[in-house]
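Structure, as structure tokens:
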Amino acid sequence: AQSVTQPDIHITVSEGASLELRCNYSYGATPYLFWYVQSPGQGLQLLLKYFSGDTLVQGIKGFEAEFKRSQSSFNLRKPSVHWSDAAEYFCARGGSQGNLIFGKGTKLSVKP
Amino acid sequence: GAGVSQSPSNKVTEKGKDVELRCDPISGHTALYWYRQSLGQGLEFLIYFQGNSAPDKSGLPSDRFSAERTGGSVSTLTIQRTQQEDSAVYLCASSPPQAPRETQYFGPGTRLLVL
């Protein structure tokens, strides 16, 4: 079955440090891939998406993600984290009905 | 322009009552999706509309759940005889016609609490 795995439930980084959130997808040909962010009590905001082409994708808020077919991964990165980045991050892939299949999410805490 | 809107933003109901959740997609968006977000299950896909039709309703958790969309715009998700396990955040998303359907813009959600 199509699925998305985010191995890290909770990550804490210091403000100004670099960040990498892991995401792996399973099953089949290269899917469409997405990263969303959700702040407490808010809806989901699209950070970036990958459909095809260049495997390094730039998104909003200084985030980027790299698609690696050999590892079935689509990890999210940011070179320098800001306190306002504290939120929950969801990786997702496209499903058979054009729906999104989400990972369980990674909660990011930022230390001052 | 205006984003996806959902109402009510919060709903508290008693077990056994029916509830209706409403979604107003972004104007011109043809595809509309409902998801449920709960602590135990994460984000689950419920149903999708292309125009007014829903090709596949198998994602709905039980026959107490139904959804409709009228005029290719507003959608309503109805839960009959609510149960405590229905407590969750119900998210709606819409997708523009010129992009892959997976390019979805989400509303703020309706937080449903069943007592």
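Per chain, numbering begins at 1; letters A, B, ... match sequence-line order. When reading the values below, keep in mind they use all heavy atoms of this one structure, side chains included, and skip hydrogens, waters and symmetry mates. The model shown is predicted, which means the values in this text are computed figures rather than measured ones.
- A:F90 and A:L21 are not part of a single hydrophobic cluster, where members link through side-chain heavy atoms under 4.5 Å apart.
- Residue B:Y105 qualifies as open at atom OH: its count of foreign heavy atoms under 6.0 Å is 12 or below.
- Side-chain contact between B:Q37 and A:Q38: present, with at least one pair of heavy atoms (C-beta onward) separated by less than 4.5 Å.
- The cluster map of Ile, Leu, Val, Met, Phe, Trp and Tyr, joined by side-chain heavy atoms under 4.5 Å apart, puts B:L60 and B:I79 in the same cluster.
- Taking 4.5 Å as the heavy-atom cut-off, none of the residues of residues 57-72 of chain A approach chain B.
- A:L100 CG to B:Q104 CD: the interatomic distance, rounded to the nearest 0.5 Å, is 4.0 Å.
- Residue B:E14 qualifies as open at atom CD: its count of foreign heavy atoms under 6.0 Å is 12 or below.
- Within residues 42-49 of chain A, the residues having any heavy atom under 4.5 Å from a heavy atom of chain B are, by residue number, A:Q42, A:G43, A:L44, A:K49.
- A:Y36 approaches B:E102 most closely through the heavy-atom pair OH-O, 4.3 Å.
- Between the CZ atom of A:F34 and the OG1 atom of B:T103 there is a distance of 5.0 Å, given to the nearest 0.5 Å.
- Note on B:A93, B:P108, B:G42: by heavy-atom pairs under 4.5 Å with chain A, the leading option is B:P108.
- When the side chains of ILVMFWY residues are joined at heavy-atom separations under 4.5 Å, either directly or via intervening members, A:L19 and A:W35 end up in a single hydrophobic cluster.
- Using a 4.5 Å cut-off between heavy atoms, B:Q50 does not touch chain A at all.
- Both B:Y48 and A:Y32 are members of a single hydrophobic cluster when ILVMFWY side chains are connected at heavy-atom separations under 4.5 Å.
- One hydrophobic cluster, built from ILVMFWY side chains closer than 4.5 Å, cannot hold both B:L112 and B:L43; they sit in different ones.
- In this structure, the ring of B:Y35 has its center less than 6.0 angstrom from the ring center of A:F102.
- The distance from the CG atom of A:N99 to the CD atom of B:E44 is 12.0 Å, given to the nearest 0.5 Å.
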side-chain contact (heavy atoms from CB on, under 4.5 Å) between A:I101 and B:F45, intermediate numbers included: CA-CA 7 Å; A:I101 300 168; B:F45 164 63; over 6 Å; no

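- A distance-only check finds a donor-acceptor pair linking the side chain of B:Y33 to the backbone of A:G98 [under 3.5 Å].
- With a 6.0 Å radius and a threshold of 12 heavy atoms from other residues, nucleotides or ligands, B:L39 has its CG atom at or below the threshold.
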